[in-house]
Amino acid sequence: MLSYLRKRIISSALPLLVVIVGVFALARLTGNPASLYLPLNATEQMRADFTARHGLDQPLLVQMADYFGGVLQLDFGTSLRTGESAATMALRAFPATLQLAATTMVLAILLAVIVGSWAALKPNGIADRISSFVSMAAASIPDFWLAIVGIWIFAITLGWVPTSGVTGAAAWVLPIGTLVMRPFGALVQVVRGAMVSALSEPYIKLARSKGASQTRVVTHHALRNASAPALTVAGDLTVGLVNGAVVVETIFGWPGIGKLMIDSILQRDFAVLQACVLLTAVAIFVLNIVIDLLYALLDPRVRPASAVSRARKARPAPAPVETAPANA
Amino acid sequence: MTSTAETSAGRTAACPVVLRVEGLDVDIRTPAGTVRAVSNAGFEARAGQTLALLGESGCGKSMTAKAVAGLLDPVAHVAGGSAELEGRDLLRMTPKQRRKVAGAELGIVFQDALTALNPVYPVGVQLGEAFRIHHGASAARAREQAVQLMRRVGIPEPESRVNAYPHQFSGGMRQRILIAMAVALSPRLLIADEPTTALDVTVQAQIMDLLRSLREEGDMAVVLITHDLAVVAEEADDVVVMYAGTVAEQGPVGQVFANPRHPYTKGLLESVPVDAERGSSLASIPGSPPELKNIPAGCVYQDRCPLAQAVCRQERPVLREVAPGRRAACHFSDSLATASTLEEIQP
Amino acid sequence: MTALLDRTVADRPAALEVRDVVKTFHVSRSASGNNRLRALDGINLSVGRGETLGLVGESGCGKSTLARTLMLLEKPDSGSVTFDGQDPFSLKGKDLLSWRRRVQMVFQDPFASLNARMTAGDIISEPWATHRGLHRTSREREARLAELLQLVGLRASDARKSPQEFSGGQRQRIGIARALALNPELIILDEPVSALDLSVQAQVLNLLNDLQQQLGVSYIFISHDLSVVRHVTDRVAVMYLGRIIETGTTEDVFERPLHPYTAALMSASPKLDPAARPAERIVLKGELPSPLDPPSGCRFRTRCWKAQDICAAEAPRKRTAAEAGRTVLPMPALRRPGLPVEHLAECHFPLAVPAGPDAARE
Amino acid sequence: SVANSDNAAGAGAAASDTLRVVLQQEPPTLEPCEANLTSTGVVDRSTVTEPLVERNPTSGELEPKLATGWKATGDKEWTFTLREGVTFHDGSGFTAEDAAATIERAVNSDLGCNVEGYVFGDDDLEVQAVNDTTLKVTTKQPDPILPLRISFLEVVPAETSATEKVREPVGTGPYQLESWDAGQKITLAAYDGYWGEKPAYAKAEYQWRSEGSVRAAMVTSGEADIAMGLSPEDNIGELGVPYPNNETVALRMHNDKAPFTDIRVRQAVNYAIDKESIVASLYGGRDKAAAQLVPAGVVGHNESLQPWPFDLEKAKQLVAEAKADGVDTSAQISLIVRTAQFPKIQELGQVIQEQLTQAGLNVKLKMLETSQHLKYQVRPFVEDEGALLHMTQHGNQAGDAAFTVDQYMLTDGAQSAFGTPELDAMIKKANAATGDGRQQAFEEIFAHQNEDVVQFAHIAHQTGMIGKAAGVDYTPNSSSGDELRLAEIKPAQ
Amino acid sequence: MSQTIQDLPGTGPAPQTGPGAGARPDAKSNNPGLFRMLLRDKFASAGAVILLLVLLTAAFGPMLMGDLATRQNLLFANKAPFNPANGWEYFLGSDSLGRSVLARLVVATRTTLAVAVPAVAVAMVIGSLWGVWAGYHRGWRENVSMRVADVIMSFPSLLLAVVVLYVFSPSAANIVLILALTRIPIYLRTARAESAELQSRTFVDAARTFGARPNAIIRRHVIPVVTPTILTLATLEFCYVMLAESSLSFLGIGIQPPDASWGLLVSQGRQYLQTAWWLSIFPGLAIVITAISANMLAAWLRIATDPAQRWRLALPGRRKLIVRLKAKESK
Ligand SMILES: Nc1ncnc2c1ncn2[C@@H]1O[C@H](COP(=O)(O)OP(=O)(O)OP(=O)(O)O)[C@@H](O)[C@H]1O
Ligand SMILES: Nc1ncnc2c1ncn2[C@@H]1O[C@H](COP(=O)(O)OP(=O)(O)OP(=O)(O)O)[C@@H](O)[C@H]1O
Ligand SMILES: [Mg+2]
Ligand SMILES: [Mg+2]
């Protein structure tokens with residue numbers, strides 16, 4: 001376990017660093033923020049002062065060194081826009097996104113498992129056709145459009161839920177209802193596919209030969225085996241959500257990291273952007289570890305102790321996180 | 001364990017029939033239409049005895065077994081016939097009735113031992129499942145039973161291995177676990193579909209030993225499916241030789257092997273490289289079995305049979321009694337009985 | 001028998017020599033913390049021209065690894081392989097290609113070794129895409145293809161079919177035809193018939209036999225079906241956990257096994273003929289130990305009924321039949337330098353008498 | 001349903017004493033010296049903080065706030081008399097010291113306040129607190145509109161840091177900042193010690209949503225009382241209240257590249273745009289076709305100027321004439337438009353592109369985000385781009401044309417593409433003028449631009465719209481978008 | 001089991017329809033044409049037809065529409081659809097500038113495809129070739145490639161979009177570039193996984209034993225096997241890319257007017273949802289219908305190109321799965 005973690009950290013640290021450096025450089029490619037923050041008729045002198053005050057006149061490498069020096073001392077810089085600590089802003093926005101992402105994924109997985117299993121019981125049956133139709137439609141509706149229609153119908157016309165905001169449980173309905181569509185659609189397909197193949201595995205027949213009922217066969221024997229591919233895709237989808245559900249956050253006024261990120265891009269608020277990226281990259285890193293652990297929990301074959309038997313198969317088991325997602 | 005013709009014939013009469021299959025037809029839907037994978041199969045398995053289903057790959061052995069156990073793939077279905085387990089027709093049971101029988105009275109060991117176990121549950125849980133389903137045992141009780149079962153099939157240190165996962169066992173051990181699962185509730189009938197094909201000879205010997213002792217212990221009827229003539233010769237009392245979905249010949253093993261009444265059986269026996277000299281050419285059956293969708297009218301073996309005559313192309317030979325306790329489906333089975341080589345029979 | 005051996009072995013030097021080949025795989029750590037799996041642990045072999053060497057042993061003992069190493073699909077950690085005096089591992093470019101031509105392989109699984117998306121003709125002629133010099137014009141290639149198809153008993157029209165449309169035996173023939181496409185001198189056959197039905201097996205064995213007679217190729221024949229090995233080979237090597245524990249002529253090994261493991265193997269294999277069955281069968285206890293943690297000393301000791309303390313302490317050295325207390329029939333034709341056709345076994349307590357009732361179950 | 005009843009109950013309870021406002025965006029800061037930023041000012045100005053002098057948006061007159069009176073006490077000197085009995089939210093009393101410190105902080109420090117450049121130019125001011133209630137301000141040059149400029153400064157206590165900006169201000173206004181849930185809402189509470197009339201609502205709550213339709217929906221569904229910055233499409237229905245917002249949309253033509261080098265082409269642009277149709281169709285007839293950069297109500301607005309008539313034939317003819325004289329009228333013109341700057345801007349851009357194309361010009365529409373757009377909006381302009389046609393939205397918050405012409409018409413004005421010496425001279429004169437002369441002078445400038453300079457093609461004086469719940473009584477005015485005076489909002493009778 | 005079933009005689013893909021076809025199949029007819037198999041699947045055929053229509057619209061539609069898509073008429077703005085009195089041009093209504101919604105939809109089809117198709121194609125070609133290469137060679141090449149994929153995956157794609165679209169211009173080409181770049185890892189991972197698995201297959205070993213070079217093996221054995229999977233994936237990605245493009249439009253950094261894409265039309269139409277629903281519903285429907293069609297086709301393609309599953313498609317019409325035997329007649 002420890003050696004696994006160590007390996008994992010080493011193999012992920014470099015990409016993490018590359019991401020940060022890339023963001024750092026790319027952000028600065030978007031131009032000097034001086035004109036955004038100075039009065040329209042600011043003089044050259046004022047611009048130069050501003051640029052110098054924020055160290056933007058230094059060569060990129062120096063700026064980067066400064067930044068990483070600061071990061072090592074847990075100083076992530078201050079926001080140009082609000083003057084607050086960038087880390088504070090990112091940390092404040094992140095829980096909102098996380099809550100949204102977690103609820104969405106739990107719901108999406110739950111629904112997808114039910115619908116996908118149901119569809120898989122009779123491949124190409126009527127239930128299968130309906131569920132594939134519904135899930136494909138769910139996955140292909142532009143989310144912003146769905147959000148606005150949702151507000152129109154459920155908040156204005158029916159008045160069941162508030163239009164937006166974060167106060168009260170009812171306020172979660174629309175954002176999550178919007179967000180859940182795409183993961184749900186994608187997962188139904190994956191779950192269905194995995195269930196179809198799990199249900200045709202020999203161990204299903206074995207279970208039936210012991211007199212197990214259909215329900216037991218599905219919930220007990222097939223589902224857990226079908227969970228690995230679904231987990232891979234769910235992981236990728238969660239990464240997308242953790243990176244911020246910009247559109248939904250924008251529309252519903254959800255104070256999340258996606259909105260903060262896009263705002264800081266638009267405002268050239270580099271420190272905040274970097275803090276956000278750093279935070280989400282670390283979160284994604286943790287997420288991947290969690291997914292690895294889940295794999296091991298769900299499937300004993302990928303647990304470290306299985307070395308011997310795997311050796312007999314002569315082929316190293318592929319690292320689960322690197323397997324391809326079915327469709328995102 | 002050696003069973004000679006004499007002893008088995010004697011025993012056969014004494015043992016009650018556990019499974020009686022009659023006129024079993026199994027159809028498969030294929031792109032080319034519905035084809036008959038098993039046609040008019042019939043045999044009897046007796047308590048305390050081993051009946052071998054012998055035949056080449058694809059001849060319908062597993063299909064027959066799965067039809068009896070009610071576990072056919074979705075593309076296949078039983079089209080006719082009956083399979084009576086101690087008098088009750090398995091093929092006409094409701095799913096619910098069948099679930100009651102499954103595991104409790106009829107155990108089955110599947111062909112692909114290495115994949116048949118559910119990879120995500122400890123073997124103990126899987127072994128105990130039958131007790132939970134049929135006896136409503138608690139998890140702890142089921143586990144205890146599982147330990148006992150593992151001990152019974154000769155798995156060392158069952159207490160510690162009961163929590164291990166299938167992949168942590170070798171092929172032979174997994175096969176033992178499957179067998180243990182099938183005999184958990186001491187069924188009357190055990191169907192073992194190629195239980196040793198994937199295993200080494202030394203392990204095969206162990207497994208065969210185990211099956212034999214379990215059979216004797218529980219007075220079970222065992223249906224052993226295999227394509228290994230030598231295994232049949234050593235393990236079975238009776239043999240059913242199948243070819244292209246039909247039964248070619250059946251009878252006590254000793255008699256059938258000593259004196260085959262169907263040219264296919266004869267051909268098989270001759271292609272075993274047993275006494276042949278190093279480098280000498282083996283007698284082999286030319287060609288390959290017909291595809292299911294192209295089963296010829298008349299005798300299914302006609303294309304490969306050295307004896308084939310006009311009558312073979314027109315008329316499918318019925319399985320008929322050719323000697324006491326022996327049946328064969330060949331127009332020339334009587335001439336085969338007397339001829340020592342196939343050539344002699346040429347009319 | 002002697003005449004046959006004369007023809008195949010007697011007057012030719014060894015074509016292939018394998019000396020002390022060791023191959024280790026790195027795998028994930030086992031329970032005991034080991035992550036180096038010694039699949040081959042000092043293999044010595046030689047194959048003569050026109051000879052068939054049988055390689056038997058339980059699953060996982062390293063037969064395929066040896067075959068793959070000989071085909072340069074794995075690189076041995078140490079030891080040497082020479083074919084006709086050349087070490088293939090030192091070859092590059094053209095030399096390597098021409099070496100490749102001379103040694104070919106037929107794979108264990110006729111289903112997996114053919115690309116399902118190619119036609120039989122494409123599969124058989126695929127080697128020529130690499131060895132362009134062999135048949136320069138497409139006419140030549142077509143002619144040769146037809147010839148090969150005929151040689152392995154397929155119809156010319158079969159060239160256009162894809163592998164799925166063939167039966168198992170026919171697929172194995174395609175595999176053999178592909179191996180023959182380069183006119184090799186040695187063919188390694190990795191369980192060429194174990195996936196086949198009895199009636200088809202006979203066809204393939206006959207084919208292999210005919211080819212050897214016509215073309216004079218050498219075979220290394222890997223199998224765990226003893227009756228088949230006995231039928232086709234001149235000499236046999238028995239492997240156990242990465243080592244060759246017994247070698248000798250087929251007859252010696254089958255009739256008069258020295259090593260207890262060989263004896264158990266012979267005894268365990270079912271016999272069709274009731275008369276050939278041992279009165280009491282040796283049923284081995286326990287399982288094949290994990291190759292990751294092989295037993296100390298003699299590897300077989302955990303399952304051996306003759307094991308004593310020394311077996312755990314010390315790896316056994318090779319002993320000849322004579323050392324085991326056997327009377328050896330003089331077979332002068334076989335006593336050629338460089339050809340270890342003596343009957344050898346690695347055991348502290350080789351069986352003095354051919355295994356019988358007394359040897360079984362302690 | 002449960003949600004429904006919850007919601008209704010919540011709405012009912014809140015409506016009684018909390019005023020809920022939904023803005024377009026979260027204020028980046030509430031720093032008072034940044035109050036001329038719309039999103040900051042809309043919360044701060046005259047609500048949390050107050051200036052010395054306040055301009056009445058309707059009449060354009062200056063009115064006393066924290067100063068009760070002011071007068072020019074010299075050529076370059078103004079004296080303010082300050083109100084007594086005013087306390088800050090922290091309880092401290094307001095004195096001239098505070099006022100002086102406020103000016104020092106905003107104008108003379110290195111804080112880099114937005115208001116500094118915007119309102120005061122480069123020169124520093126000299127301030128002096130004569131006594132607790134008297135403040136003296138001296139300028140480098142004579143400045144007739146200094147009190148107007150001072151009206152942009154929100155007063156903060158003298159203790160406020162002059163080196164760091166503050167996010168959460170302490171002011172003298174009717175409401176004080178109670179809490180700021182970053183990302184979610186800002187809550188204000190009525191300040192008990194307020195010197196003036198007590199506001200009608202005990203609390204105020206600001207939220208923000210960037211989608212106009214969502215803001216509108218919040219008012220219709222009873223989640224908010226006031227929604228800012230709506231557009232006609234936001235489906236606010238009866239609850240939408242339009243108001244003239246002082247913003248004017250115009251096209252600025254850069255004369256440095258063909259075809260705008262020729263005044264005839266610039267005139268053609270003016271003729272080619274059908275302003276009346278645009279106003280009628282895109283803006284529901286609420287906007288007014290414009291003839292100059294400032295709307296009525298701003299000092300200097302020239303009532304007699306008429307919008308250029310829509311005359312496509314004339315436009316074509318002018319282009320043809322220019323072409324005949326060797327002007328490259330087929331040169332590509334980039335129409336620079338800022339994404340989402342105001343409602344329907346995208347449509348407006350497309351209409352203008354289409355209409356200019358009809359007139360025979362080669363126009364390419366370029367939609368840019370703010371930061372990019374700035375490169376075209378203010379000097380130094382993007383160079384290597386071909387002819388530029390820049391869509392400008394100008395809002396004169398101050399009510400004096402000086403703020404417009406300095407920026408937009410001087411040869412080196414920050415947002416002026418070019419000018420003429422004549423115009424520069426006229427502007428200089430106008431800036432120094434007072435009274436009717438001042439009005440006169442600016443009127444002439446606007447007329448001159450349309451006749452002889454033609455840097456701009458004016459499109460429309462805009463109308464803003466807010467959403468207002470039925471339970472609220474408020475009449476928006478031209479400054480509502482920049483400063484929403486909560487104290488003026490009352491529950492409906 | 002499916003493996004063996006496939007390999008057993010009589011269950012391979014077979015041409016004859018209808019039961020009782022007796023003749024021995026010849027080599028050719030044993031692989032029923034993809035096209036005929038497609039025709040058998042109603043849903044997939046419908047999907048294919050719709051996609052074809054979309055393609056034809058993109059190819060020839062703009063030509064037929066002339067300047068209809070740009071012709072403004074401010075006095076004829078926001079006219080409701082399905083009113084025959086307005087003429088066929090306005091069958092789907094008019095937009096806020098009085099342009100024909102139908103014409104704009106048609107023109108947008110081309111832009112949409114002009115973004116989605118090259119984006120998918122570029123990502124697919126680069127990603128899958130790279131993945132195949134990495135998976136075949138394994139070792140450091142594989143590791144480095146996977147780390148690069150990680151980087152791209154956890155990179156905020158929005159930032160990339162904003163940078164490229166702001167620093168350079170929001171042109172269709174740049175949108176293609178970004179969408180392609182950010183989607184490369186999807187193909188990379190899939191192709192790598194498949195190729196890593198394939199390189200350990202026996203037939204690849206066989207090719208090695210005759211000394212074939214890695215590139216030749218990749219060409220001959222790996223790419224043909226990976227291609228169907230990749231194509232299926234690409235079909236799904238096509239939907240994703242369309243949606244991503246619409247999200248960019250929503251954020252104002254997608255296709256810019258006066259160009260139009262479906263995503264942009266939905267995005268622009270959203271504010272008229274309650275006053276002129278047709279502005280956003282029709283382009284939205286176009287996205288959804290195209291996406292569903294592509295999905296249907298992909299689902300079919302996935303099975304049709306898999307030799308081990310193809311037989312499923314060729315099965316004759318559905319029957320009752322379990323034929324219950326009639327109670328035995330009395331003996
Ligand atoms: N690439 C590899 N990586 C790790 N271990 C391997 C590899 N290839 C083979 N092994 C291990 O080496 C040992 C020998 O394997 P090999 O395939 O040679 O056995 P075999 O005798 O051919 O068995 P079988 O009869 O099942 O084909 C086994 O324990 C196997 O697990
Ligand atoms: N699911 C299936 N779909 C289509 N055909 C099938 C299916 N299962 C079996 N078959 C066909 O039914 C026939 C009988 O198959 P069965 O599995 O009974 O053979 P078997 O005798 O057990 O062969 P083996 O020795 O290979 O196990 C074969 O020809 C096979 O092709
Ligand atoms: Mg079978
Ligand atoms: Mg092997």
Side-chain angles (χ1 to χ4, degrees), chain C residues 64 67-68 70-74 88 91 93-101 103-123 126-131 134 157-168 171 175 178-179 181-182 184 187-188 190 195, chain E residues 2-15 24-32 34 138-139 194-195 197-229 304-311 314:
Chain C
S64 297
R68 293 171 56 81
L70 296 180
M71 290 311 301
L72 318 189
L73 292 172
E74 309 281 357
L91 298 177
K94 270 213 164 64
D95 296 337
L96 182 60
L97 268 189
S98 72
W99 186 90
R100 289 259 187 219
R101 263 195 47 208
V103 182
Q104 279 293 299
M105 177 159 174
V106 174
F107 289 86
Q108 181 164 2
D109 185 349
F111 301 97
S113 64
L114 307 181
N115 187 340
R117 280 159 214 264
M118 293 164 83
T119 64
D122 290 344
I123 290 171
E126 194 193 339
W128 302 328
T130 308
H131 299 263
L134 212 54
S157 62
D158 289 337
R160 285 195 310 275
K161 294 197 199 167
S162 61
Q164 298 93 297
E165 299 172 55
F166 291 100
S167 70
R171 288 185 212 193
R178 173 173 60 185
L182 295 176
I187 302 181
I188 298 171
D190 190 359
Chain E
S2 62
Q3 171 72 39
T4 39
I5 292 164
Q6 176 57 26
D7 293 329
L8 292 169
T11 54
R24 237 171 210 290
D26 63 45
K28 245 216 189 116
S29 63
N30 225 4
N31 277 315
L34 273 186
R138 314 226 49 173
E194 284 234 350
S195 155
E197 198 268 325
L198 278 172
Q199 66 87 34
S200 68
R201 288 273 196 90
T202 323
F203 62 79
V204 171
D205 275 343
R208 290 194 183 109
T209 63
F210 12 96
R213 323 220 110 257
N215 283 345
I217 297 180
I218 289 178
R219 203 175 50 242
R220 270 206 293 270
H221 295 294
V222 181
I223 291 183
V225 181
V226 176
T227 304
T229 314
T305 53
D306 182 350
Q309 291 207 38
R310 197 179 297 151
W311 61 274

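By convention in this document, chain letters (A, B, ...) are assigned in the order of the sequence lines, proteins followed by strands, and residues within each chain are numbered from 1. Computed from heavy atoms alone, side chains included, the values below leave out hydrogens, waters and symmetry copies. Keep in mind the model is a prediction, meaning the values are calculated, not measured.
In the model, C:S64 has a side-chain atom that pairs as donor or acceptor with a side-chain atom of C:D190 under 3.5 Å. A donor and an acceptor atom, one from each side chain of C:T119 and C:D122, are located under 3.5 Å apart. In this model, a donor atom of one side chain and an acceptor atom of the other lie less than 3.5 Å apart for E:R208 and E:Q199.
Only the backbone of C:L114 has a heavy atom closer than 4.5 Å to any heavy atom of chain E. Contacts of C:L72 with chain E are absent, with no heavy-atom separation under 4.5 Å from either backbone or side chain. At a 4.5 Å heavy-atom cutoff, the contact between C:N115 and chain E is made by backbone and side-chain atoms alike. Neither the backbone nor the side chain of C:R101 comes within less than 4.5 Å of any heavy atom of chain E. For a residue to count as touching a neighbouring chain, one of its non-hydrogen atoms must lie under 4.5 Å from one of that chain's; by this rule C:E126 touches chain E with backbone and side chain alike. Contact annotation for E:A216: neither backbone nor side-chain heavy atoms come within less than 4.5 Å of a heavy atom of chain C. Residue E:V225 touches chain C through both its backbone and its side chain, counting heavy-atom pairs closer than 4.5 Å.
Taking both residues in full, the closest heavy atoms of C:M105 and C:A179 are given as O-CB, 3.8 Å, listed atom of the first, atom of the second, then distance. C:M118 approaches E:H221 most closely through the heavy-atom pair SD-CE1, 3.5 Å.
Looking at C:W128, its side chain does come within 3.5 Å of a backbone N or O of C:A181 through a donor-acceptor pair.
In terms of heavy-atom pairs under 4.5 angstrom with chain E, the leader among C:R100, C:R178, C:Q104 is C:R100.
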